S.K.: 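Here's a structure for you.
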Number of protein chains: 2
Amino acid sequence: MNLKGHQRAVPEPTLRRLPVYHHMLRQCLDGGMETVSCSQIADELHYDPTQIRKDLAVTGIKGRPKVGYDLAELVDAVETFLGWNSTRKAFLAGAGHLGSALVGYGRFNRYGLEIVAAFDRDPARIGRKVHDREVLPITKLPNLARRMHVLIGIITVPAPAAQEVADLMVQGGIRAIWNFAPTRIEAPDDVIVQNEDLYATLGVLLQRLNTTLREG
Amino acid sequence: MNLKGHQRAVPEPTLRRLPVYHHMLRQCLDGGMETVSCSQIADELHYDPTQIRKDLAVTGIKGRPKVGYDLAELVDAVETFLGWNSTRKAFLAGAGHLGSALVGYGRFNRYGLEIVAAFDRDPARIGRKVHDREVLPITKLPNLARRMHVLIGIITVPAPAAQEVADLMVQGGIRAIWNFAPTRIEAPDDVIVQNEDLYATLGVLLQRLNTTLREG
DNA sequence: TAGATTGTTAATCGATTAACAATC
DNA sequence: TAGATTGTTAATCGATTAACAATC
């Protein structure tokens with residue numbers, strides 16, 4: 001019922017819970033279960049059952065009253081919805097500790113993401129191999145991205161270089177950026193920027209720890 | 001006024017924005033600025049000015065009408081509030097790619113966190129050096145944590161081992177856990193668990209990318 | 001059938017944003 | 001003083017939770 005034909009975007013909190021469900025559901029599936037109900041999920045995850053129903057509904061899955069959801073079907077629906085059933089190529093910029101770890105972290109391959117090349121600005125790093133992948137000069141990123149139809153960029157450079165790298169990515173036609181630098185990145189509206197701000201989590205952790213130590 | 005003397009916990013969204021302010025404010029400070037107003041911050045970060053004022057207020061800082069905030073004072077207030085002005089020791093469990101990267105990532109030292117030892121279950125990893133730190137057997141974690149008064153644990157083991165490792169940490173008196181495994185961890189109420197769920201961010205990124213590609 | 005569970009509509013809660021008085 | 005900005009109270013918005021009818 002909307003003129004532009006656009007669905008209302010799925011709320012981010014819902015989207016972030018889906019991988020949590022997925023992990024739990026896959027374990028159930030591997031354990032031989034065939035169906036699952038929201039109350040079972042709720043007991044395990046300590047979420048509200050109504051919330052779980054609403055969350056799962058966005059994937060298009062239908063449950064059966066009194067029975068629950070078909071587990072195999074549900075896992076597949078979540079994977080398809082999150083884009084984990086196909087694989088997209090990604091470029092990573094910044095072959096430092098964190099970047100190299102992500103390149104070597106093969107598990108993302110089963111979650112829709114294949115890091116096909118790493119880039120850096122530092123001549124000392126260029127040409128080196130990181131987990132069997134050669135580190136390329138960052139200047140080559142835009143052309144290569146276009147030629148290889150790479151739509152995802154991962155930024156693991158230090159904060160001062162992040163915007164510059166993002167600009168190169170946008171120039172290369174990249175449409176989604178996973179940003180590990182603790183800084184805001186400007187990009188056109190049709191480019192998705194998702195921040196993974198480790199310092200934010202660290203700040204929350206330390207503040208809450210200090211609070212409980214002071215009060216407890 | 002509340003009988004137990006506890007402050008209402010600062011909302012997590014506010015807490016997660018403070019590091020973002022901090023990064024920007026420090027840059028301003030390094031650039032020679034002396035005061036900053038909420039509208040300046042808002043222009044840069046694209047946040048609502050009222051929200052910024054409320055967020056900053058939790059640190060106890062006072063601004064001056066018509067002038068704004070004293071920048072040096074503000075940066076210090078944020079750092080102190082987040083616990084970035086002192087350093088706490090942390091143990092890391094799981095010396096794989098990601099764990100090793102975090103151990104080698106020295107920048108956390110200036111943000112309140114010093115990773116003093118890495119642990120693993122795998123005999124092939126135990127005894128090896130990771131960025132000049134020897135990898136210790138995970139079984140030694142509880143005793144060492146108590147002896148060294150380590151209150152923070154970082155979990156970078158695979159999901160199936162995460163709960164077991166968390167239990168060892170709790171047993172060793174650890175009070176805050178930074179969990180990189182994509183699984184829920186059970187811990188006593190007085191132990192803080194902060195999840196860094198890379199798969200959640202990845203899922204959001206891919207789902208939104210697929211949506212825009214389909215619609216655009 | 002009775003009971004459990006889904007799906008959906010309504011109520012609540014908390015966070016964001018708007019309005020505005022206080023102040024330098 | 002006039003104007004800009006803070007700090008705070010009120011209104012809005014969106015997400016979570018409760019209530020309940022539909023269904024197997």
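Being a predicted model, the structure only gives us computed values, none of them experimental. We name chains A, B, ... by the order of the sequence lines, and we start the count at 1 in each one.
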S.K.: Is the number of heavy atoms from other residues, nucleotides or ligands under 6.0 Å of A:Arg184 CZ greater than 12?
M.R.: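 Yes, CZ of A:Arg184 has more than 12 neighbouring heavy atoms, counting only those of other groups under 6.0 Å.
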S.K.: Which base sits across from C:dA15 as a Watson-Crick or G-U pair, both distances under 3.5 Å?
M.R.: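 Its partner is D:dT12.
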S.K.: Does A:Arg53 reach a base, just sugar-phosphate, or nothing at all? Heavy atoms under 4.0 Å.
M.R.: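 Counting heavy atoms under 4.0 Å across all strands, the contact made by A:Arg53 includes a base.
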S.K.: Between which nucleotides of DNA chain C, 5' to 3', does chain B make heavy-atom contacts below 4.0 Å?
M.R.: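 Nucleotide range with atoms under 4.0 Å of chain B: C:dA15 to C:dC24.
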S.K.: Could you grab the distance from atom CH2 of B:Trp84 to atom CG of B:Leu113, nearest 0.5 Å is fine?
M.R.: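 Answer rounded to 0.5 Å: 11.5 Å.
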S.K.: Is it true that, when you exclude B:Glu164 itself, more than 12 heavy atoms of the residues, nucleotides or ligands shown sit nearer than 6.0 Å to its CD?
M.R.: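 Open: at most 12 neighbouring heavy atoms sit under 6.0 Å from CD of B:Glu164.
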S.K.: Would you indicate what A:Thr50 reaches in the nucleic acid, counting non-hydrogen atoms under 4.0 angstrom: base, sugar-phosphate, or nothing?
M.R.: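 Base: the residue A:Thr50, judged by heavy atoms under 4.0 Å, touches a nucleobase.
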S.K.: If each of A:Asp55 and B:Val36 is mapped to the nucleotide of DNA chain D with the nearest heavy atom, which maps nearer the 5' terminus, i.e. the 5' end?
M.R.: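 Nearer the 5' end of the strand: B:Val36.
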S.K.: A:Asp167 and A:Gln171: side-chain donor and acceptor closer than 3.5 Å?
M.R.: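 No, A:Gln171 and A:Asp167 have no side-chain donor paired with an acceptor closer than 3.5 Å.
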S.K.: Could you please name the partner base of D:dT23, counting Watson-Crick and G-U wobble pairs only when both distances are under 3.5 Å?
M.R.: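 With both distances under 3.5 Å, D:dT23 matches C:dA4.
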S.K.: In terms of ring plane angle, is the pair B:Tyr105 and B:Phe108 parallel, tilted or perpendicular, where the classes change at 30° and 60°?
M.R.: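 Perpendicular.
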S.K.: I want to confirm an ordering. Mapping B:Cys38 and A:Asp48 to their closest nucleotides on DNA chain D, which one lands closer to the 5' end?
M.R.: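 By nearest-heavy-atom nucleotide position, the 5'-most residue is B:Cys38.
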S.K.: A:Lys62 near the nucleic acid: base, sugar-phosphate alone, or nothing, with a heavy-atom cut-off under 4.0 Å?
M.R.: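 The answer is sugar-phosphate, as A:Lys62 gets under 4.0 Å only of primed atoms, P, OP1 or OP2.
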S.K.: Surrounding CZ of B:Arg133 (heavy atoms of other residues, nucleotides or ligands, distance under 6.0 Å), is the total greater than 12?
M.R.: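 Buried by this count: over 12 neighbours within 6.0 Å.
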